[in-house]
K.L.:
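Sending over a structure as structure tokens; questions will come in a sec.
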Number of protein chains: 2
Amino acid sequence: MNLKEFSHRIGLSPTTVSRALNGYPEVSERTRRKVLESAERLGYTPNSRAARLATGRAMTIGHILPLSKEHEMVNPIFSDFIAGAGEQYSKSGYDLSLSVVQDEDEAEAYRDLATRGVVDGAVIHGPKVEDPRIRLLGELGLPFVVHGRSSRVQGEYNWVDVNNRRAFSRATEFLLDLGHRRIGLINGLDGMDFATRRLNGYGDALAAHGIDRDPELVFSGEMTENYGFATTMQMLGSRNPPTAILISSIIPAMGARRALHDLGIGLGDEVSVVIHDDDLSYFRNEGDIPIFTATRSSVREAGRLCADILLDTIRGARDERRHVLLEADLTVGQSTGPAPAMRHLIDRDRAEALRRPQALT
Amino acid sequence: MNLKEFSHRIGLSPTTVSRALNGYPEVSERTRRKVLESAERLGYTPNSRAARLATGRAMTIGHILPLSKEHEMVNPIFSDFIAGAGEQYSKSGYDLSLSVVQDEDEAEAYRDLATRGVVDGAVIHGPKVEDPRIRLLGELGLPFVVHGRSSRVQGEYNWVDVNNRRAFSRATEFLLDLGHRRIGLINGLDGMDFATRRLNGYGDALAAHGIDRDPELVFSGEMTENYGFATTMQMLGSRNPPTAILISSIIPAMGARRALHDLGIGLGDEVSVVIHDDDLSYFRNEGDIPIFTATRSSVREAGRLCADILLDTIRGARDERRHVLLEADLTVGQSTGPAPAMRHLIDRDRAEALRRPQALT
DNA sequence: TGAGATTCTCAAAGCGCTTTGGATAATGCA
DNA sequence: TGCATTATCCAAAGCGCTTTGAGAATCTCA
């Protein structure tokens, strides 16, 4: 049933019905109630295709999921992020359009989304250090928000990011305090902005303690379980292995744990591990004492925030840019302890305190 | 720029331009080339909102991601599935609309998608044993495909499923052959169709060997790491622990491995584990000898197949239903071995052969 | 060369909604 | 009661595309 027929059936003009349904003030409460009721009863729902053409609004937000030919991998945080964002879209009556494209076609995909007029805004996932998509969306005039930031892009834009640098310098400092001096870093893919910031945070803390960064202890790659396994194996098999490792995600941390197990090395005991925990719904690092000592920041919450910001800029007249910087608190779990060589040196009470679970914010 | 302006600029009528762009035969090749070229040069792309209204086609497939208030968890296979399906949609010029809703609102969400006319078809994820969505979509007249099946729903419909029963009876038989008699099952959530089929396959194999199903060895729940840990702990802490465990996904298998490790029990040695592996991109069970002995079936491929089938039924005139039943081959990895009590009884050569990696199809 | 067939092009009518500008009915105030 | 407001409602004009039905142009072949 279309508007014409529906309005005719209930003895009103299409105009009035449309106004009643869309909450315009020109229609009396009594009429509005009657319209809503009849729509429910007769099963009338306005056709969105027509509404979108008439209003010029797509009522849809675009997300692009790029797949690279080599890696063929979907970012494991993607689904949690989208769940968070999608929740907010639903609440505001927006739809979510997801385009899966080969990564070399990504720019074209954004352009397409914009010119075809199927979205009112877009989200940029996984920004690189110098990400061309930011400029592109700016030129296209499509409102957008970045999940993360792009260090080498100047100009203002909307973003929601974790304070990666701070989180990783905090985590590194924590390990340094425990007496660790050789600390490995299993980081995300080179070129990703978050990976760079984390590397810097790690480097900052080491530098503050006068420790040189050993390139043999720093890895970058896609965060799979196997990657965590392989890098941990490599580090621990070297002639000068680390006593502690920082890992950028809980997924490679699974691989690291496997490596430690295979080598018969005690986690949190002989080798300490601190992870960054995105609080993935199927992989909770929880319990009285979490398994891993971790800097945690919910990626689902980041999704919600991105959505809120984007919807705000789409609806809002004011043209200001909005940012959110999330702090990732460090929570001590079972995976960290005093550096082996230090164990007898460290004050017993202090060591005990450091092992106790607590938010160190 | 719109069609009117564009066609005027290149000295043609809107009709001709539209036909040229949409590949109708009424336009000469020369004209078509000229139009395509000019569109490229002048940056004209037809407005999809208008096209959708005019054609009555949404050129969009709907997926619904339900979130339950209690679990708050996103199915970890979701992103890989969607990546597979999305790939195919893109190739065919279809968009993918993703609705994130509270699970109690799911039926309403499908209804909404259909009546608002924003999708031409939909995919049903994670069907229950008796799933009302199948009937609902049938009534709505919306083409759909189910990823999985629903045992207690009669009537024909499109689906793509893994032969779960066969996979799990195979896996169970494999363990029985290795001499295991007490075999645990860490299964998916009760009520899910796939979980029921897997339970049946497991039960079939046990029954064929005259073994009663011990309810204390069967668990159902959401497949998180912690779930795998907790159930494994519980089983191995009982007075009559299993010597082998079947696990429905690699995620809880991580938890099981953690439990074994914590208890100091050797994986594949003292306790054997067989998993079902969805071949998640960030969690590959690979290597010369895979870590886990597993029945494997790529969920990404299932996504591709679902998309193909759905697009086919949307475009195709013929009203036949289509099914795909995927067989999950068993591949032997490092996580299985002869049952401890049997070890001295089993012929050495045979045991060796069973440990060797191979597809047993 | 011209009739018929073929190829190409076009004007105009939707698709189902929103929204403007104006008409009508109801209400308030003197 | 009469006039000015105000509260309701409506007709009609788009939104930008597709597609029908038909006309103009070109081609084919006797």
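The sequence lines fix the lettering, A, B, ..., with proteins before strands; numbering per chain opens at 1.
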K.L.:
Look at all strands and tell whether A:Thr15 reaches a base, only sugar-phosphate, or nothing, counting heavy atoms closer than 4.0 Å.
P.N.:
base

K.L.:
What's the closest nucleotide to the side chain of A:Leu12 if the choices are D:dC10, D:dT18, D:dG16?
P.N.:
D:dC10

K.L.:
Determine whether a donor-acceptor pair (N or O, by modelled atom type, separation under 3.5 Å) exists between the side chain of A:Thr115 and the backbone of A:Arg111.
P.N.:
yes

K.L.:
Quick one: is D:dC10 close enough that its OP1 or OP2 comes under 4.0 Å of any side-chain N or O from A:Thr16?
P.N.:
yes

K.L.:
B:Phe81 vs B:His125 aromatic rings, parallel, tilted or perpendicular, using cut-offs 30° and 60°?
P.N.:
perpendicular

K.L.:
What's the closest nucleotide to the A:Arg57 side chain, out of D:dC17, C:dT19, C:dG16?
P.N.:
C:dT19

K.L.:
Consider the side chain of A:Ser18, meaning its heavy atoms from C-beta on, and name the nucleotide among D:dG16, C:dT19, D:dT20 that approaches it most closely.
P.N.:
C:dT19

K.L.:
For D:dT18, does either OP1 or OP2 sit under 4.0 Å from a side-chain N or O belonging to B:Asn22?
P.N.:
yes

K.L.:
Specify the residue among B:Pro25 and A:Arg49 whose closest nucleotide of DNA chain C lies further upstream toward the 5′ end.
P.N.:
B:Pro25

K.L.:
Calculate the interatomic distance between B:Asn2 atom CG and D:dC17 atom P; express it in whole Å.
P.N.:
5 Å

K.L.:
With a 4.0 Å cut-off on N to O distance, would you call A:Asp308 and A:Arg322 a salt bridge?
P.N.:
no

K.L.:
May I have the distance from B:Met1 (atom CE) to D:dG16 (atom C1'), rounded to whole angstrom?
P.N.:
13 Å

K.L.:
Would you kindly compare B:Val27 and B:Thr55 by the position of their nearest DNA chain C nucleotide and give the one closer to the 5′ end?
P.N.:
B:Val27

K.L.:
Mind checking if A:Tyr44 touches a base, just sugar-phosphate, or nothing, with heavy atoms under 4.0 Å?
P.N.:
sugar-phosphate

K.L.:
Which whole-number value in Å describes the distance from A:Leu53 CG to C:dC15 P?
P.N.:
13 Å

K.L.:
D:dC10, OP1 or OP2 - any side-chain N/O from A:Ser13 closer than 4.0 Å?
P.N.:
yes

K.L.:
Expressed in angstrom and rounded to an integer, what is the separation of A:Glu26 atom CD from C:dT24 atom C1'?
P.N.:
16 Å

K.L.:
Determine whether a donor-acceptor pair (one donor, one acceptor, N or O, separation below 3.5 Å) exists between the side chain of A:Arg19 and the base of C:dT18.
P.N.:
no

K.L.:
Before accepting this row, confirm whether a basic side-chain N of the pair B:Arg9/B:Glu5 lies closer than 4.0 Å to the acidic partner's carboxylate O.
P.N.:
yes

K.L.:
Can you check the A:His8 NE2 to D:dC9 P distance for me, whole Å?
P.N.:
16 Å

K.L.:
Rounding to a whole Å, what distance do you find between B:Glu29:CD and C:dT7:C1'?
P.N.:
13 Å

K.L.:
For the side chain of A:Leu3, counting heavy atoms from C-beta on, which of C:dT18, D:dT18, C:dG16 is nearest?
P.N.:
C:dT18

K.L.:
If I take atom CZ in residue B:Arg116 and atom C1' in nucleotide C:dG16, what distance separates them, rounded to the nearest angstrom?
P.N.:
15 Å

K.L.:
Any side-chain heavy atom of A:Asp80 within less than 4.5 Å of one from A:Tyr282?
P.N.:
yes

K.L.:
Which residue, A:Asn158, A:Val145, A:Val324, A:Val146, forms the side chain to side chain contact (heavy atoms under 4.5 Å, CB included) with A:Cys306?
P.N.:
A:Val145

K.L.:
OP1 or OP2 of C:dT9 sitting under 4.0 Å from any side-chain N/O of B:Thr31?
P.N.:
yes

K.L.:
Identify which nucleotide among C:dC17, D:dG21, D:dC9 has an atom closest to any side-chain atom of A:Ala54, counting heavy atoms from C-beta outward.
P.N.:
C:dC17

K.L.:
Distance check needed: C:dT18 P versus A:Met59 CE, whole Å only.
P.N.:
11 Å

